Amino acid sequence: MMRNLALFFGSFLVGALSPAMAQDAPERWSIAIHGGAGTISPDRMTEDQRAEYEAALQEALDAGAAILAEGGSAMDAIQAAILPMEDSPLFNAGKGAVFTWEGANELDASIMDGRDRSAGAVTGVTTVKNPILLADKVRTDSPHVFLMGEGAETFAMEQGFEVTPPEYFATERRREALERMKADALSAMDVDHKFGTVGAVALDMDGNLAAGTSTGGMTGKRWGRIGDAPVIGAGTYADNRSCAVSATGWGEYFIRVGVAQEICTRLRIERESSRRETEWEASRASNESNPSNITFVHVNSVQLGAEVGQDIADEVMAEVAELGGDGGVILVTPEGHAIYSFNTTGMYRGRATSEGVNEVAIFGEGVVESDTPDH
Ligand code: ASP
């Protein structure tokens, strides 16, 4: 069923069974970032900590937005946004990653280009400073999508990546969390309180979408556990026909729901059914007004409102919650709507658009309503 309120007419082509035209290149851009979701509330943070997180988020957002504003690609923008968060010890990605049960920092990342759905991912790397760059190298310079551990590191060296000493990633705060977990037989959720995975999604002025996610996983992970962040379709997905998504949360649940791809698929189906319904309505109206000349009105594209993406993201996050999982997602649509949805008390996040939106935020009451303007 078409979500009427959210429908905007795109370009029309009137005539008998006219071929679809190439989509008009939108002159807009949009980016959203996250630095993890979880039990994040004002009483758990000092003013200084809050300011530190907000500054780090703003730096990442600005780095991505600057590229898009100059006409750069969504792929470049998301990497520019993720790099400073991987380098910051505040987030659970790159430096500052959580520890495994054995006391190592094992890093995961994935990236996807909405133009051709090319994708790259790595898991369990310990010597690559910026795993998001390695994931992109897998995408562009290997015949594969997903590389693990030593193999991924051999590939990195062959591609000219510097070997970073594993100690670089270690921080006292994360080591202490592992020790507390072991000493008090706690779960990762008890010690972490929040997921610090980082991610970015973007739409560039050429209408291309991209998504990327980078993480250290969950504190005390064992037995080669892999979460959703490096799994294409779970933690990351991008398709120009639907949207770009990056997730953070309890990875097992995000894998089971296939969160990122599920959101994109629902949006793609929604868009196509809205287009067909609009085409049908327009043809009927045209023929009613001129019955002697039967015409087929071809609707090339429709524009969905921000609330369509918000509803779909909320629905999929509700499924995660029903299974017992928690976390959040960011998404950007081809219309440039930058949307958050999370079922935790907070999510480190930010968004900026060519329409003048520029914000970073931390706290929130469950699911956040998007205030991105409709185009
Ligand atoms: N999703 C990540 C994982 O399960 C954790 C996070 O978002 O921080 O590995």
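Bear in mind the structure is a predicted one, so any value in this text is a computation, not a measurement. Whatever order the structure lists them in is the order used to number ligands and atoms, beginning at 1.
Look at Arg173 and Glu176 and you find no salt bridge, because none of the NZ, NE, NH1 or NH2 atoms lies under 4.0 Å from a carboxylate O. Under 4.0 Å is where a charged nitrogen must lie from a carboxylate oxygen, and between Arg284 and Glu281 at least one such pair does. In summary, Arg50 and Glu54 engage in a salt bridge, as defined by a charged side-chain N under 4.0 Å from a carboxylate O. Salt bridge Lys137/Glu158: absent, no basic N to carboxylate O contact under 4.0 Å. One finds no salt bridge joining Glu272 and Arg268 here, because no Lys/Arg side-chain nitrogen approaches an Asp/Glu carboxylate oxygen to under 4.0 Å.
The option with the heavy atom closest to atom 2 (C) of ligand 1, from among Gly217, Gly249, Ser246, is Gly249.
Closest to atom 8 (O) of ligand 1 among all protein heavy atoms lies Thr197 OG1, 2.6 Å.
In terms of polar-atom proximity, defined here as any N/O pair under 3.5 Å, Ala229 makes no such contact with ligand 1. At under 3.5 Å, not a single nitrogen or oxygen of Trp250, backbone or side chain, sits near a nitrogen or oxygen of ligand 1. Residue Gly227 has no N or O atom closer than 3.5 Å to an N or O atom of ligand 1. Among the atoms of Glu252, none of the N or O lies under 3.5 angstrom from an N or O of ligand 1.
At a 4.0 Å heavy-atom cut-off, ligand 1 does not touch His34 at all.
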